[in-house]
Amino acid sequence: MLHLIDKAEVDIYTVSISTITDQYLHVLNEAKAWNMEIASEFMVMAATLLSLKSKMLLPPTIKEEETNDPTEEWLDPREELIERLLVYKQFKRLGDQLEEREAEQNRVYSRLPLDLTPFTPTQNPLTGVEPEDLWKALFALLEQQKEIEQPLTKLAREEISVSERMEQIYQDLVREGELWFSKLMDIDYITRERLITTFLAILELMKLKPVICRQVDLFSDICIRLEQTRENN
Amino acid sequence: MEAKAWKSILEGIIFAAGTDGINVKELAEIVEIPKQEVQMLLNEMQLEWKLDHRGTELVQIAGKYQITTLPEHTVYIQKMAQAPTRVGLSRAAIEVLAIIAYKQPVTRVEIEEIRGVKSDRILQQLERKELIRQAGRAEGPGRPILFGTSRQFLQYFGLNKIDELPSPESIFHWQEWEEDRKNLYERLGVEGEEKVQEE
Amino acid sequence: MEAKAWKSILEGIIFAAGTDGINVKELAEIVEIPKQEVQMLLNEMQLEWKLDHRGTELVQIAGKYQITTLPEHTVYIQKMAQAPTRVGLSRAAIEVLAIIAYKQPVTRVEIEEIRGVKSDRILQQLERKELIRQAGRAEGPGRPILFGTSRQFLQYFGLNKIDELPSPESIFHWQEWEEDRKNLYERLGVEGEEKVQEE
């Protein structure tokens, strides 16, 4: 996310969630070879973005409350973000240096060591290696592999952008009149990526005001409805 | 034996060592002449090869001498059928390496804090490529693994020592840093007044 | 371009071609000059290298040019080969050997799947050191080569049979590793007989 904010010169306060998320999805599509790696990173990025953005969407009420209480300091999430962004930027620059060196080094070829076996007819290549070392090496390998496999198990990728999801939800609302949040977010029927996209889409729809959300009690289900004044759109 | 003969022998040994490379100490032990002398011969060889327009050069990588082709000949070598195709590291991998190279020893969590994304899979990949290595464990709860760069890292980037990497100060000036900070404050809409009010 | 520059390029290409070598036709295609001219340059190079007392020579083996060490330097290269640092197996080589020892017969692809990195060079190395041998071919597309350990491998370890290799129990405490062990047995596909024997 830091990368995107920096690269896209995104203004986190005014930018629409869908812009950034669409961009993520675009990145995902582009980097086919790294699909898995990026997909898992995407989850974290999206979550960070989400938490930041949701704080942004709420500020009027919270901010008033907080500033009314002089003993409590309202910590702007953006300030923290800026500091992190700066540190990150520094390492990105250092990464550029490494990349340059990599490119330079890739232009140079060397050769494999000469086959030295003809020169060592009597040497035991297993000197210093115990049979146990073999088992330990294999054990370590399989352990490592186990760790790697877990996040890989199943991550059915579904590529749907926030704007597409917004459109879907909107159409559903036009047809159904109202939707229950729990139905939209049913974890059994929805991938994690879709879950995030859906959540972002609802937030975005709220911000753009074609829909309103109602929640009767804390933790009770949220009802999503079309805003009356916009219904004729 | 005269210098020419020694140089010839040294060249043969270094050639045979290939990508493994060989350091001055080992060379001195093999040819049984003092280390300083070997070093001197090597320095002369490096110069002579250049003057001779040889098609290869003598380089020191990760403390070990090895022979490599010249960068300016890449186009020709890549046309060769046997030339290995080279795929660079991903941008994410490069970033993680940069953090490790400059902050080592460093834990996974520290790396993730800087990048703002999970990095465990990249760390595993880099470890399997032997570009990084585990360099002990940190103090504190859970005693997390500390990561550092490896010999292969130096080899991969053609470095003799890790301090051959440019210092952060040389590529990131504090004026620029301040400029960026101001810029970001503006862009994210954290304006001056707000800060004054808070104080 | 003058002859010196062409020779430098040819040297670089032949160096990079390694022990595979490269023939005149291929060289001519890469540098885009007539074959006869390439041949002439190569002849000159062979002569010049000798006169220069280079530590390597340009030889033609089975129609292909490659660079090799000089026969008179054999003693030095032997000394290097016998240095303890060069005799032992690398960590990566031990890994591959372990996989072959416990999973044999096994294909290169299976080995690479477990390690997550290319392992062809290490397989060659182990084969040259006669620790492993080709043990037939697998069924299925491409009929890939199956690898197994060699008689020398057992000899070096002083074993009579491959089953004498340590099993998990001899190294890890039974209860402690119960979970891992079960898991490993499954992955290794050896659950059957051994477990029955234990119980």
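By convention in this document, chain letters (A, B, ...) are assigned in the order of the sequence lines, proteins followed by strands, and residues within each chain are numbered from 1. Keep in mind the model is a prediction, meaning the values are calculated, not measured.
When heavy atoms are compared at a cutoff of 4.5 Å, B/Ile67 approaches chain A solely by way of its backbone atoms N, CA, C and O. Of the two parts of B/Ala16, the backbone and the side chain both hold a non-hydrogen atom closer than 4.5 Å to a non-hydrogen atom of chain A. In this structure, chain A has heavy atoms under 4.5 Å from both the backbone and the side chain of B/Ile99. With a 4.5 angstrom heavy-atom cutoff, A/Gln97 touches chain B only via side-chain atoms.
Other residues, nucleotides and ligands place more than 12 heavy atoms under 6.0 Å from the NZ atom of B/Lys79. Within a 6.0 Å sphere centred on CD of B/Glu179, heavy atoms belonging to other residues, nucleotides or ligands number 12 at most.
Sorted by first and then second residue, the salt bridge (charged side-chain N to carboxylate O under 4.0 Å, His left out) pairs involving residues 99-108 of chain A (not counting sequence neighbours) are A/Glu99-B/Arg91.
Two residues are said to be in side-chain contact when any heavy atoms from C-beta on lie closer than 4.5 Å; A/Phe91 and B/Lys103 meet this criterion. Counting heavy atoms from C-beta on, the side chains of B/Thr19 and A/Pro113 come closer than 4.5 Å.
With 3.5 Å as the limit, one finds no donor-acceptor pair spanning the side chains of B/Tyr102 and A/Gln90.
Not counting sequence neighbours, the partners of B/Gln152 by the side-chain hydrogen bond (donor to acceptor under 3.5 Å, both in side chains) test are B/Glu130. For B/Thr107, the side-chain hydrogen bond (donor to acceptor under 3.5 Å, both in side chains) partners at least two apart in sequence or on another chain are B/Glu110.
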### Task
For side chain to side chain contact (heavy atoms under 4.5 Å, CB included), just list the numbers for A/Tyr109 and B/Met80, CA-CA rounded to whole Å, side-chain angles, deciding distance to a tenth of an Å, and then say yes or no.
CA-CA 12 Å; A/Tyr109 291 80; B/Met80 182 171 65; over 6 Å; no
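The residue among B/Pro71, B/Ala101, B/Ala17, B/Ala98 with the most heavy atom pairs within less than 4.5 Å of chain A is B/Pro71. In terms of heavy-atom pairs under 4.5 angstrom with chain A, the leader among B/Leu97, B/Val75, B/Ile77 is B/Ile77. No other option in B/Gly21, B/Pro168, B/Gly18 has as many heavy-atom pairs under 4.5 Å with chain A as B/Gly18.
Shown here for A/Tyr88 and B/Ile114, the closest heavy-atom pair between the two residues is CD1-O, 3.5 Å. Pairing each heavy atom of A/Leu98 with each of B/Ile94, the nearest pair is CD1-O, 3.9 Å.
Contacts between residues 23-61 of chain B and chain A, defined by a heavy-atom separation under 4.5 Å, are made by B/Ile61.
One finds the CZ atom of A/Arg111 at 12.0 Å from the OG1 atom of B/Thr69 (value rounded to the nearest 0.5 Å).
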